[in-house]
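Some notes on the structure that comes next.
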Amino acid sequence: MANLASAEIKARLERSYDTIATTYNTWAVNHPYRNPTDDSEAPTKSALELGCGNGYPILQHLFSAGLFDCIVANDLSSVQLNSVKSELEAKHDNADWRQGDMTCLSFNPCSFDIIIGLYTLIHLPRSEQLLMLEKISLWLKPGGLALVNFSKEDTEADVIEEWLGREEGWMFWSGYGADNMPRLIQQVDGLEMVVGEL
């Protein structure tokens, strides 16, 4: 599987998430998470979620916190993004919905106070994960924070043909692993790893 082209990986992931959206959303609602908005610091103004899926739980917390003037929500899957958009758009006029490949997003430097990418960058080929970190560093305002997670394992390509028991649920993950990623993050200009958990 390591010989798959990046465009093929992303096209297959998009089709998979479009097809398994309901199954994934049920799984995500019951999947344990830590609330990234539990923070006593002063409110921020702008947020970006990369790979927002159906909006649960992160995007919903970002909106309900009421701390942001603008929230940009991105997902590769049009089904996932349209699902969260139809639920939240009428309640929140401070959203910008961006469907597509996160590596193709373009924002001005210093656009965001916070960028969140949980369980999303791991779907990129690992060389693109480093390029994405460079973009995140560019998009963050001085003092801004990014909350992202990476693969524990060092793997160029981990593929499951029928993820979540769905025939159409082709899934791809990759990463440099827990031993390498902290060093690689520190090499990205403008990023500093403040907290790292395994």
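Heads up: numbering here begins at 1 and tracks the sequence. Only heavy atoms go into these numbers, but all of them, side chains included; no hydrogens, no water, no symmetry mates. Every value quoted in this text rests on a predicted model; they were computed, and no experiment measured them.
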Taking all heavy atoms of [X] and all of [Y], pick out the closest pair and write down the distance.
X: C110; Y: K141; value: O-CG, 3.2 Å
X: I122; Y: S151; value: CG2-N, 3.6 Å
X: G53; Y: D75; value: N-OD1, 2.7 Å
X: A21; Y: V79; value: CB-CG1, 3.6 Å
X: T155; Y: D158; value: OG1-N, 3.9 Å
X: F172; Y: A157; value: CE1-CB, 3.6 Å

Are [X] and [Y] grouped together when hydrophobic residues (ILVMFWY) are joined by side-chain heavy atoms under 4.5 angstrom apart?
X: L131; Y: Y176; value: no
X: I114; Y: F150; value: no
X: L13; Y: L81; value: yes
X: L118; Y: V148; value: no
X: V72; Y: L67; value: no

* **CA sep, side-chain torsions, deciding dist, call: E14, Q99, side-chain contact (heavy atoms from CB on, under 4.5 Å)** => CA-CA 10 Å; E14 180 180 3; Q99 191 271 326; 3.4 Å; yes
Looking at [X] and [Y], would you say the former's side chain and the latter's main chain have a donor-acceptor pair under 3.5 Å?
X: Q80; Y: C52; answer: no
X: K135; Y: T103; answer: yes
X: S83; Y: N54; answer: no
X: S46; Y: C70; answer: no
X: E162; Y: W170; answer: no
X: S174; Y: L124; answer: yes
X: E168; Y: T19; answer: no

Once you round to the nearest 0.5 Å, how far does [atom1] of [X] lie from [atom2] of [Y]?
X: H92; Y: S64; atom1: NE2; atom2: OG; value: 7.5 Å
X: I185; Y: Q129; atom1: CD1; atom2: CD; value: 10.0 Å
X: N149; Y: L147; atom1: CG; atom2: CG; value: 7.5 Å
X: F112; Y: L145; atom1: CZ; atom2: CG; value: 14.5 Å
X: N82; Y: D18; atom1: CG; atom2: CG; value: 9.0 Å

* Asked: Can we say K45 and D113 salt-bridge, meaning some charged N sits less than 4.0 Å from an Asp/Glu carboxylate O?
  ->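 No, no charged N to carboxylate O under 4.0 Å.
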* Under 4.0 Å between a Lys/Arg side-chain N and an Asp/Glu carboxylate O for E161 and R12? ->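 Result for this pair is yes, salt bridge flagged.
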Hey, are the side chains of [X] and [Y] touching, using non-hydrogen atoms and a 4.5 Å cut-off?
X: I160; Y: W173; answer: yes
X: S106; Y: W139; answer: no
X: N74; Y: T120; answer: no
X: L105; Y: R98; answer: yes
X: N94; Y: F63; answer: yes
X: L133; Y: M181; answer: yes
X: E49; Y: I71; answer: no
X: I115; Y: L50; answer: yes

* Between W163 and T23, is a side-chain contact (heavy atoms from CB on, under 4.5 Å) present by the stated rule, with each step listed? -> CA-CA 10 Å; W163 189 54; T23 304; over 6 Å; no
* Test side-chain contact (heavy atoms from CB on, under 4.5 Å) on V188 and I136 and set out the steps. => CA-CA 10 Å; V188 176; I136 288 170; over 6 Å; no
* Check the pair M102, L121 against side-chain contact (heavy atoms from CB on, under 4.5 Å), reporting the backbone distance first and the verdict last. => CA-CA 9 Å; M102 71 177 77; L121 275 70; 3.9 Å; yes
* Does CD in Q186 sit with more than 12 non-hydrogen atoms of other residues, nucleotides or ligands closer than 6.0 Å? ->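 Counting neighbours around CD of Q186, more than 12 heavy atoms of other residues, nucleotides or ligands fall under 6.0 Å, so yes.
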